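Just so it is clear: chains get the letters A, B, ... in the order the sequence lines come, proteins before strands, and each one is counted from 1. The shown structure was predicted, so the numbers you read here are calculated from the model rather than taken from an experiment.
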Amino acid sequence: MSVAKSLPHDAARLHVTGTARYVDDIPTPANALHLAFGKSAIARGQIDAMNLHEVKSAPGVVAVLVAGDLPFANDVSPSAHDEPMLSDGSVHYVGQPIFLVVATSHLAARKAATLGQIKYIEETPILTIEDALAADTRFEEGPRIYEKGDAETAIKGAARVVEGTFEIGGQEHFYLEGQAALAFPQEGGDMLVHSSTQHPTEIQHKVAEALGVPMHGVRVEIRRMGGGFGGKESQGNALAVSCAVAARLTGKPCKMRYDRDDDMIITGKRHDFRISYRAGFDENGRIAGVSFMQYTRCGWAQDLSLPVADRAMLHSDNAYLLPACRIESHRLKTNMQSATAYRGFGGPQGMIAIERVLDHIAHDLGKDPVEVRCLNYYAARADGSGASGGDISNQNENNTTPYGMAVEDFELHGMTAALLASSDYAVRRAAVAEWNASHDTIKKGIAFSPVKFGISFTLTFLNQAGALVHVYQDGSVHLNHGGTEMGQGLFQKVAQVAASRFGIGLDTVKITATDTAKVPNTSATAASSGSDLNGMAVKAACDTIRERMASYLAELHQADVRTVRFADGNVIIGETVYSFAEAAALSYQGRVSLSATGFYKTPKVEWDRIKGHGRPFFYFAYGASITEVAVDTLTGENRILRTDILHDAGASLNPDLDIGQVEGAYVQGAGWLTTEELVWDEAGALRTHAPSTYKIPACSDRPDIFNVALWDAENPEDTIYRSKAVGEPPFMLGISAFLALSDAISACGDSYPALDAPATSEQVWATIQKVRNGI
Amino acid sequence: MSNIHVTTTVNGDEVEFLCDPRETLLDALRDKLNLTGAKEGCGTGDCGACSVTMDGRLVCSCLVLGAEAEGKQIATVEGIADGETLHPLQQKFIEYAALQCGICTPGILVATKALLEKNPDPTETEVRYWLAGNLCRCTGYDKIIRAVMDTAADLRRAS
């Protein structure tokens, strides 16, 4: 079997030789044209007059388009049709595309795009949460509220209460390959688009709308992305549509790629949040009730903000059984980039708030935060397999989330015990305390944080996938499915599934680009669902072909079809052993169809997002991490000294790839909460628009000691080979780095360090001053 | 402005191209010589995705003009393997799963090879700080460091 093996990434050899092709590497004919957007210089207002004469007469410029020049739809929104690709006369953020330059080179297009003379009638931009609340600019009619029990009464009746307000910054995706698209006009008005996208079907849909053709007139292909992280779920629409429209207009291939600055200035990022909390609990730290008020700045257009904000609400419990809970969520419309999907999709923001609450409770009681966390955990899996150290009294309170879903697969009791032991937590915690008692300048901190992350799209109909598998007469296999490869190793994992179903080696399976003409109506490769959905769809397609081959060969040999086996590159019928290639050739000659589609839809999910009730998730994925840090109290500078992680990938399809996801996600999560700071100035311009001003973790920031292991347990739900999704859940393990910094700061004084995120050196330093002054 | 004729050596082969005097070496490699292994990640020398060596010195090719390559020896990721035979560094990156999306990989390999040629026995800290200018958003760097340390040890044993 090819599954459950640590095989390298499918394109590893191409990557190390520099021959893996990304969109910008695809050879283009010499007559190809290049595109760039002219952007808004203000955050809010109306365009009074526009003089594009200089743009049009700049060297190399072939055409300049404004909204009125677009032949059909001027919309690149993935949801609410509220996102004109080129300004409709109103301006909503600094960097909004206003006109499109088509030129003979990338540089010529970019240079010309800076020459537009635009006069605006400026309006006061809505930039802050306060601005938006005062003006009541929001998406949806008012806040969404999910409730379980009567939180207010529970909090009032509790022995102790903590409360606070917490700022949580956004995050730039910083996929190292910027957004890119390339369109080739075809005969009869058809269009072929290469797009660096997680969602080819969405690109196809938006391009079709923009060209005024049915979806069958547009084919979208993507072999690989240089990173996605959610930033290529909807943000590639504008580039693909621009290329297609310009290609239609000029009859020439058109390419557009954002320069890094444009990419950061134009595209949406992770939603920032402000979350206020109140929690009531007893003297042991057991929570009676929690209330959260969540505000998020969604930017100028709706994009995916509603499901993102929903998911923040859905992760407000994280791993804890909350007897009473109230979550109120405000989705505010502001004059900024339209915030979008980013690994975790709101989950991290919801989760860090409840982790903050647990941390605050432990500080209030003077207890080890791990103890308080374990006390409040959901009850263990019913079969007891995740149970060591579990508190069964929780069983008595209906082991349900604030949205009414029973938690049946809880793994964290066992995982926590295992991680505390393997990381030597108790000894190290004592050593940190001892260090802090004898050192004034450098303080250390150590923290544990768990993850329980819901797997499935919360928009239930998206939980479907298709596949198309061909077996050729020489026994080679051609594999297509709707998932996209952005580095996560999806293609290899799915190929492992196909090879396992046919009992053949991976060298027989050709992995191909995702193509809307082969598999239609796909969902975005998002919500960590890639392997779960596409693995099952491919399995279904392979099994169909396998059954056809088996039936034919069984008949040929007068054998029972159930005795036909596919293993070790052979097809075995009684005494007869055919190579898979021979079996394929025989089947072909016997006029057996060797091509099949496969389809899968996730069972059990059912969700009402307005009521906030149901089962939005098929299952949960779990993780636990412990981070130790050192902080220089004179400057706030800090380092991660050691990280220990235990992560649940079910029965992993490919442990090496999964561990890679866990390590990368942790570092990215830690980056979100530490060095990655987005700064908009008072006029609404993003000042952190390149790696010179926006700091993602570098090689030198990696933890000195970094121990990562997978938790060995099958998914109790019937997923592909009992594996679990692994893309997003480990991102939230980075929360332990933030809590460790908070722990180090708490060694500087008695008050609770109300540290905001990101905990940049400045933020850490300022919080140290507050704690020292007893604020 | 008229184009400049440049004669240079890339991965051991003498090549010629015409370029705009303002054109970067990165664009010349990608657009004129069809060597697309070096990538543009930022265009400002902050991410290292465009790393190449010029007369043995590690440079960001987005910060070097194409015209500056005149008479120089340029080495890119495409020249690291010997025909079909991978360099030990390339093999270790595959073995250690030290890549995900792969777009930073060419720059990291070029930078690492330059380090090992200069210092065959680097400490882990030296590797970490040498590669601090090569950003990777996917891996978290751990497997990269391990692959580099193991390659260095192997190469020392072999020499």
What option among A:Met264, A:Arg257, A:His106 has the most heavy-atom pairs under 4.5 Å with chain B? A:Arg257
Any side-chain heavy-atom pair from [X] and [Y] closer than 4.5 angstrom?
| X | Y | value |
| --- | --- | --- |
| B:Thr44 | A:Arg260 | no |
| B:Arg30 | A:Asp25 | yes |
| A:Leu176 | B:Cys47 | yes |
| A:Thr17 | B:Gln90 | yes |
| B:Leu135 | A:Phe174 | yes |
| B:Lys143 | A:Ile659 | yes |
| A:Glu177 | B:Lys39 | no |
| A:Arg13 | B:Leu86 | yes |

I'd like to verify something: which residue of [options] has the highest number of heavy-atom pairs under 4.5 Å with chain A?
| options | result |
| --- | --- |
| B:Ile94, B:Val127, B:Thr105 | B:Ile94 |
| B:Gly79, B:Gly107, B:Gly37, B:Cys42 | B:Cys42 |
| B:Asp46, B:Asp142, B:Ile144, B:Leu109 | B:Asp142 |
| B:Asn34, B:Val77, B:Ile80 | B:Val77 |

Testing the basics here: between [X] and [Y], what is the closest heavy-atom pair and its distance to 0.1 Å?
| X | Y | value |
| --- | --- | --- |
| B:Cys101 | A:Met225 | CB-O, 3.6 Å |
| B:Arg137 | A:Glu172 | NH2-O, 2.8 Å |
| A:Gly18 | B:Pro106 | CA-CG, 4.2 Å |

Can you measure from [atom1] ([X]) to [atom2] ([Y]) and round to the nearest 0.5 angstrom?
| X | Y | atom1 | atom2 | answer |
| --- | --- | --- | --- | --- |
| B:Thr36 | A:Ile26 | OG1 | CD1 | 10.0 Å |
| A:Arg702 | B:Cys136 | CZ | SG | 12.5 Å |
| B:Asp31 | A:Ser105 | CG | OG | 9.0 Å |
| A:Ser700 | B:Tyr141 | OG | OH | 8.0 Å |
| B:Cys138 | A:His9 | SG | NE2 | 8.5 Å |
| A:Asp24 | B:Glu40 | CG | CD | 8.0 Å |

Select one option (side chain, backbone, both, neither) describing which atoms of [X] are under 4.5 Å from chain B's heavy atoms.
| X | answer |
| --- | --- |
| A:Ala20 | backbone |
| A:Leu14 | neither |
| A:Arg21 | neither |
| A:Pro703 | backbone |
| A:Glu485 | neither |
| A:Phe706 | both |
| A:Val16 | both |
| A:Asp704 | both |

Is it the backbone or the side chain of B:Ile145 that comes under 4.5 Å from a heavy atom of chain A, or both, or neither? side chain
Let me know if B:Ala49 has heavy atoms under 4.5 Å from chain A in its side chain, its backbone, both or neither. side chain
CZ (B:Arg57) with more than 12 external heavy atoms under 6.0 Å: no
With a 3.5 Å distance limit and no angle check, can you tell me whether B:Gln100 reaches the backbone of A:Gly660 through a side-chain donor-acceptor pair? yes
Please check if the side chain of A:Tyr666 supplies one atom and the backbone of B:Gly140 the other of a donor-acceptor pair under 3.5 Å. no
